[in-house]
Amino acid sequence: MHWINWLIVIVYLAYMIIDGIRKSKDTDTIEGYFLASKSLPWWVVGLSVMATQLSAITMIGTTGQGATEGLRFVQFYFGLPIAMVILGVTLVPFLHGSGVYTAYEYLERRFDAKTRSLTAFLFLLSRGMSAGTIMAAPGVVLSAIFGFPLVWSVAIIGIPTVIYTMIGGVQAVAWADVKQMVLIVVALVGIVAVLIFQMPVSPDDALRIAGATGRLKTFDFSFNLTETYTFWSGIIGGTFLMLSYFGTDQSQVQRYLTAKSVDEARSSLLMSAYWKIPLQALVLLLGVGVFVYYQFVRPPLLFNPAHEMAVEAERGAAYDALQTRYESTFTLREGAARSVADADDGASEAAAMEAFVAREAEIQVIRGEALAMAEEVTGESSRDVNYIIPRFVLSELPIGLTGLFIAGVLAAAMSSIAAELNSLATTSVIDFYRRWWKPEADDAHYLKVSKYATGLWGAFACVVAVYAATLGSLIEVVNRFGSFFYGSILGVFLLAMTSRAGGRGAFVGLLAGMGTVAAVTFGAPQVSFLWHNVIGAVTVVVVGMVIGGGPEAAES
Amino acid sequence: MTTDDPTASPPPQSNFKGTLFRVLAVQIVALALLWFLQMRYHA
């Protein structure tokens, strides 16, 4: 990478850390460290909510998904604005006004200690794991660029992030998020502009080529429980997932608990609702643009450079033969793509598209053979969706923009991980340490323990990160972890708003919800994970209300 | 002693209903654009 790109990366990271620490005023109390003394304006909280969601996984994994599968993933977010509006008028005033540090703390007031502890434990389990996958994404980029082992890359990202989060608390995290969002949007828009400028065909022709392979199909109205991304899974399953995520997940709840007032907390959530779908569509379109660009500029046969080197070393002759087939087929596909662009009437366009799709299928067969070869040689999963955009950025973008993108990926990762670590520490200290071990200590003691907890969670996330990268598309890994518990935890919060259920109903309902989701996951694995949230939440509410034991039942 | 600057602009205030209306408008425009792309270009 050119030294100017390096300079941009180093200057930005240094600025993030120094500014993060500079913003860490008033963090000498537990409320300042975990809730920024409820002093942050709504737009800072709103950008922080967005930045926590928009991690390096979005920059690498989602753009890669756009290149390989097109726009349909955006349906996943259709439920987000609906969920934000529902939360804005229900749970946000509830939690912000109750004076709690964590969402789970509220559950003890309404139900009992074991319900609080179980939900808090599930949060620690799922978010501890997801903090690892969030760290793995930029680890993959660094590994691809420098040929580092993943362990080194994870350490480069993880160690500074842990130090900065330990010192700065939630205030530093939120202000860092603001700058991160600006950088990410600038980098994304810059890349889209460069893509449009460097594309050998017009934007209209580029869209026709993408459309021929189905990559511009956003809406799928089929009601199919086995299809992951459909309009209905997005609207129904997505709404439940987002309600669970933004309503009950401490990493999000803690964002809006730092707002000055209930109204500012609600507005901060709506700010995220504003931009999520357009921004996600832009990210996916960027991936689609890269796919079209690679119709005219030959990309590597294997995007993972480490796998490419391993296959060349061990199966040199076979891989060379595959490369030769790939190069000649690529030339034919390029010609077919140009024919699609040049077609000037309906009949010739249909014929050109048919020929292009056939050539694209041939390329995919060759890629499949190369990936299988890589899997045999390395013994690892050869899925290389997460390497497509990093390779494109490094080889095709002008000096400066490459550095900006890499800085954006690192900053996105650091800020998201920082938010995760901060909320993991909050839950560990407030819901376990202070609740069960040392309820009467002073603020200074809890502050010290909170900083240790942040460090321990950082170490755990680093270990998970080393293994998460081999699990497949990172974005799906994160969502799968969450969907195991999210729906059931949402069900408990829904029960809390009724007067029909008590502690026993909530606890048994929670176990029943998780059991049902586990049964569906293993018994009917073809059911898409987005529906697990609906199944979990509904089961908890039904079982909880049947068992009852709430105030109303007690009165009767 | 400090005095308030009368020319300073006030901090941005949140307005839940106004924001809600704008959220809906942005979503409708975004979905309409995606729908247009699908209708116009999806083979």
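None of the values given here were measured: they were computed from a predicted structure. Below, chain A is the first sequence line, B the second, and so on; all start at residue 1.
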Region of A:Leu71 that comes under 4.5 Å of a non-hydrogen atom in chain B = side chain
Kindly indicate, with the supporting measurements, whether the criterion side chain to side chain contact (heavy atoms under 4.5 Å, CB included) is fulfilled by A:Met242 and A:Ile86.
-> CA-CA 10 Å; A:Met242 299 305 168; A:Ile86 293 171; over 6 Å; no
Sequence neighbours excluded - salt bridge (Lys or Arg N to Asp or Glu O under 4.0 Å) pairs with any residue from residues 351-361 of chain A | A:Arg333-A:Glu360, A:Arg359-A:Glu362
A:Asp220 side chain to A:Ser222 side chain, donor-acceptor N/O pair below 3.5 angstrom | yes
Checking B:Leu33 against chain A: side chain, backbone, both or neither under 4.5 Å from a heavy atom?
-> neither
Which of the residues A:Asp204, A:Ile277, A:Leu285 is involved in the greatest number of heavy-atom pairs with chain B at under 4.5 angstrom?
-> A:Asp204
Going by the angle between their ring planes, with limits at 30° and 60°, are B:Tyr41 and B:Phe36 parallel, tilted or perpendicular?
-> perpendicular
Under a 4.5 Å heavy-atom cut-off, does chain B meet the side chain of A:Val357, its backbone, both or neither?
-> neither
Select, from B:Leu31, B:Val29, B:Leu37, B:Leu24, the one with the greatest count of heavy-atom pairs under 4.5 Å involving chain A.
-> B:Leu31
A:Phe78 versus A:Gln75: any side-chain heavy-atom pair under 4.5 Å?
-> yes
Side chain, backbone, both or neither: which part of A:Ala273 has a heavy atom under 4.5 Å from chain B?
-> both
